[in-house]
Structures are given as C-alpha cells and as structure tokens.
Amino acid sequence: MSIPFIDLKTQYKKIESKIKARIDKVLNHGAYVMGPEVSELEQKLSQYVNTDYALACSSGTDALILALMALDIGPGDAVLTTPFTFFATAETIAFLGATPIFVDIDPETYNLSVNELKRTIQAIKNNEQTLCPLPANIKPGSVSLKAIITVDLFGLPCDYDQITEIARHENLKLIEDAAQSFGATYKGRKACSFGDISCTSFFPAKPLGCYGDGGMCFTNDQDIIESLRSLRIHGQGKDKYENVRIGINGRLDTLQAAILLTKLEIFPREVMLRQQVAERYNQLFEQLPELVTPQVPADRTSVWAQYSLLAQNNHQRDKILAHLKEKNIPTAIYYPNPLHLQKAFDYLGYKQGDFPISENIGERIFSLPMHPYLEPDMQEKIFSLVKEAV
Ligand SMILES: *Cc1c(COP(=O)(O)O)cnc(C)c1O
C-alpha cells in the first residue's frame, strides 16, 4: 500500500455530499460561465485576504498574465523575479515579450533575497555588469525596469515590509505570486494582499485547490480591477460586442467556483491542520541534525504548500529519495533546475554559477508528503525511513 503525496480523496470524503449539492445547483441553474458562484467566490476570497477586489480566472498562470497585462508590461520592459520557482512565474513575463531578470534567493527562506534585489536594481540602473549577472540583452537604456514578481515559496510569504519599500522607492510595481501561499500570513496580514496585484492558483495540489484549473487576482486599485475584468473577457468594453483592448479568454468555470466555495468552508481548519502536521515534522526532524528543517521567521506563518528538507548534498538526497521510494513513500523535488538554467531561457544568456544559492538549494532540497490529513503514525514512519537512509 502506498500513500498519496497530497491526499485529496480523504478531503473529498469529508465534503462529498456538500460538493455534490453545490455542483447540482450549478447544473440546475445552468449558468456554466460567469454564473453567480463566481462573483460569490470573488467576494468571499477578497474578504478572506482583506483586499478591496478579487478577480477569478482560469489558472494561476493566467492570473499572472492578466496582472502583467493590466500593468501594461510587454516588449522593452523588464521584470525582476526569482529563479527558484515554478516555471510559470518567469514564463508569463517572457510570454508577454518582456525580459525576466533573475535575483538569487535567501538561503533560509528560499524567497527572493532583499539584498540581492537591491544589488540587481543598482546594477541595472548604473549599468554595472560586474555587480551581478544580468541577461545578455540588458544594455544601457535597452529595457525599462517595470516590476518585481515575488514568490511566496512553499507557502511562506516574503519580507513584504522591505520589498514594498524597495518597490516604492524605485517606482516599480509589485506582483505577489501567491500561488502557494493562499492562507499564510505576514505580520498578521494575509498572503495575496501585498502586491499592487497578487495572484493565486487553485490547481488541485495547492493549499486551496479546485477540481481542475483555476486562479485569482487580488488588488485594492479600482482602475486595475476594471482593466483585469476587461482583459479576462477579450478586452471587452461596456458589453461583449465592444472590445477596447486585446485580452484573453481567462474566466473561471462556475463549477470550479462552486467547488471552491464548498472547500472554503473547511479551509481555515485545514490551514490549522497543515500547521500541526508541519510542527510534528519539525519536532521529529530536529532530532536529525544532518538535515535542515524549514525556517519560518517569527513575523509570518506558512500554509505549507510543501514541507521541504535540505540534505547535506546531492548524494545524500539521492540516498534518502531512493530509500523512501523503495518503501512506497512518495517524494518530490521542487525545484531541481533553477529557471536561469532552463533551456527555454537560454536566450537570456545566464550560465551555471550565476545564482549559487538557488543552484545549491536545488541540488539538496526534497519534499515529503504534506496535507491536512497526514496522521502522526505515518509521519513517524516517514521520519524513521529518512533516518535510516541518512
Ligand atoms: C502553481 C504555480 C503557478 C501556476 O499556477 P497554475 O494554476 O498551475 O497555472 C505559478 N506560480 C507558482 C509559484 C506556482 O506554484
């Protein structure tokens, strides 16, 4: 018998009748596209994260695309972001014709390093190529630095006081990629509330997941939400046969909104359970000093999209993963290849060694099964197996 990496079946069993009733309601009213559940979800989630507006859309990737489009980012523009993230974070920048500029991460939180961020901005402003690695096409005046996309990696928010200050000072827009952090907090404020636009994902494996693809943008800016609403539906104007800009078809299905509304009812409890599961892992793995447990600064909470440990080196990680695999315990590596080394970004001209922290963490990190319903017995078993391998 093997266990799942993320146990969506146990969750489904708990809410099965409510999910079915909600789906039934949609099938009966028949508003499959932009039905009442979509605006109900937008209203409930903006309330949850405490922003003025929310816009449901077709995926976390489309949320990022809509956010970049609403901020008018395209060819000739550059956006700072981390190379230690899911591909979509930087893909969307490049997809719109802008240039991603990578900034290395903090070795403890794995989030964008504030010092490296400052250094990279200086390097671009003063054209000091020696200060840090820059994409090959960055020449004085060749790009205009427009925005920062932060990523709340594994569910842990970034240091938003510092990052917001830098963005304000440098006149850059901030997009928070909160695909993994819906439900987390920084200084008592909820993730998804820190960017000029914040984006999340409802991919099934995320902390709040639907049964397909889905995403959301959050903002406090009325002009931005109006642009987002238009961009989501083919750049529509006053009605659907007036088009005032080029947009996309980026709507969230009513059925997915109905599923999310049901899951939202148990979400606060699930966040608490996730934190208990992570705490139990922490207590177990503190007995194993060979591995580094995840660090959560005192001013924030993680929603534990992943529980990730650091091995001492690549060889030790291989040994651990092989042993767990043999015992039918699933594991994952987020992320083995930092984005600056992905083939798709060859054209940026980055090379091995450019972002040493991201590269080093990528060689050593691995993630264990993580979900609200993971039992203490199973966690102890997983711990003993890791210990044997170490
Ligand atoms: C999952 C994820 C995305 C993309 O979300 P989708 O809904 O899969 O399109 C973007 N950024 C990060 C950091 C993610 O983890």
Side-chain angles (χ1 to χ4, degrees), residues 61-106 111-153 158 160 162-179 194-199 217 219 224 227 231 246 338-351 353-355 357-358:
T61 304
D62 286 341
L64 289 167
I65 287 177
L66 289 165
L68 289 160
M69 288 176 87
L71 297 175
D72 217 9
I73 289 166
D77 297 331
V79 180
L80 298 156
T81 195
T82 161
F84 197 63
T85 177
F86 180 60
F87 188 62
T89 310
E91 177 190 33
T92 49
I93 300 168
F95 179 74
L96 290 170
T99 303
I101 298 182
F102 293 118
V103 175
D104 212 352
I105 55 170
D106 176 276
N111 284 337
L112 206 63
S113 154
V114 169
N115 286 335
E116 290 303 311
L117 183 63
K118 288 182 187 159
R119 215 148 69 110
T120 309
I121 293 171
Q122 284 319 307
I124 295 163
K125 280 181 23 181
N126 305 332
N127 191 37
E128 289 182 66
Q129 306 265 356
T130 51
L131 214 51
C132 62
L134 292 175
N137 61 343
I138 294 287
K139 301 275 170 335
S142 74
V143 292
S144 141
L145 197 54
K146 282 282 178 64
I148 305 167
I149 303 186
T150 53
V151 176
D152 301 336
L153 201 75
C158 299
Y160 281 110
Q162 292 212 57
I163 290 171
T164 309
E165 177 60 32
I166 295 170
R168 209 172 279 147
H169 187 256
E170 302 293 340
N171 199 19
L172 299 172
K173 296 292 181 192
L174 178 62
I175 297 175
E176 177 188 2
D177 181 347
F194 298 102
D196 292 288
I197 307 175
S198 302
C199 303
C217 295
T219 184
I224 287 177
S227 299
L231 288 163
I246 302 300
L339 300 191
H340 67 290
L341 301 178
Q342 293 283 356
K343 182 172 162 40
F345 287 124
D346 272 357
Y347 73 96
L348 293 174
Y350 286 115
K351 57 186 189 313
D354 278 351
F355 301 103
I357 310 289
S358 299

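Hydrogens, waters and symmetry mates are skipped; everything else that's a heavy atom, side chains included, is used.
Separating the CG atom in L145 from the CD1 atom in I124 is a distance of 4.5 Å, to the nearest 0.5 Å. Within the model, atoms CG of L341 and CZ of F355 stand 9.0 Å from one another, a figure rounded to the nearest 0.5 Å. One finds the NE2 atom of H340 at 11.5 Å from the CG atom of D346 (value rounded to the nearest 0.5 Å). For the atom pair CG of L117 and CG of D106, the computed distance is 12.0 Å after rounding to the nearest 0.5 Å. The CD atom of Q162 sits 5.5 Å away from the NZ atom of K118 when rounded to the nearest 0.5 Å.
Partners of F345 by ring-ring contact (aromatic ring centres under 6.0 Å, His included), not counting sequence neighbours, listed by chain and number: F87, F102. Legend: residues meeting side chain to side chain donor-acceptor pair (under 3.5 Å) with D354, ordered by chain and number and at least two apart, are K351. Partners of E170 under the side chain to side chain contact (heavy atoms under 4.5 Å, CB included) rule, at least two apart in sequence or in another chain, are I121, Q122, K125, I166, L172. Residues meeting the side chain to side chain donor-acceptor pair (under 3.5 Å) test with S358, sequence neighbours left out: D104. Scanning for side chain to side chain donor-acceptor pair (under 3.5 Å) contacts around Q342 gives an empty result, with sequence neighbours left out. Listed by chain and residue number, K173, L174 satisfy the side chain to side chain contact (heavy atoms under 4.5 Å, CB included) test with D196 (two or more places apart in sequence, or in another chain). Checked against side chain to side chain contact (heavy atoms under 4.5 Å, CB included), A178 has the following partners two or more places apart in sequence or in another chain: D152, E176, S181, C192. Qualifying ring-ring contact (aromatic ring centres under 6.0 Å, His included) partners for F95, counting only residues two or more places apart in sequence or in other chains: none. Partners of A136 by side chain to side chain contact (heavy atoms under 4.5 Å, CB included), not counting sequence neighbours: none found.
Partner of L80 under the side chain to side chain contact (heavy atoms under 4.5 Å, CB included) criterion, chosen from L112, I149, I101: I101.
Summarising the local packing, CG of N126 is surrounded by more than 12 heavy atoms from other residues, nucleotides or ligands at distances under 6.0 Å.
Sorted by first and then second residue, the pairs that involve residues 82-98 and meet side chain to side chain donor-acceptor pair (under 3.5 Å), not counting sequence neighbours, are T85-T89, T89-D177.
When all heavy atoms are compared, the tightest approach of P100 to Y350 is O-OH, 4.2 Å. Of all heavy-atom pairs between N111 and L153, the closest is OD1-N, 2.9 Å.
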Could you tabulate the donor-acceptor pairs under 3.5 Å formed by side-chain atoms of residues 64-78, not counting sequence neighbours?
| from | atom 1 | to | atom 2 | distance (Å) |
| --- | --- | --- | --- | --- |
| D77 | OD1 | K146 | NZ | 2.9 |
| D77 | OD2 | G74 | N | 2.9 |
| D77 | OD2 | K146 | NZ | 3.2 |

| message | Set out, in order, the CA-CA distance, both residues' side-chain angles and the distance that settles side chain to side chain contact (heavy atoms under 4.5 Å, CB included) for Y160 and T150, then state yes or no. | response | CA-CA 9 Å; Y160 281 110; T150 53; 2.8 Å; yes
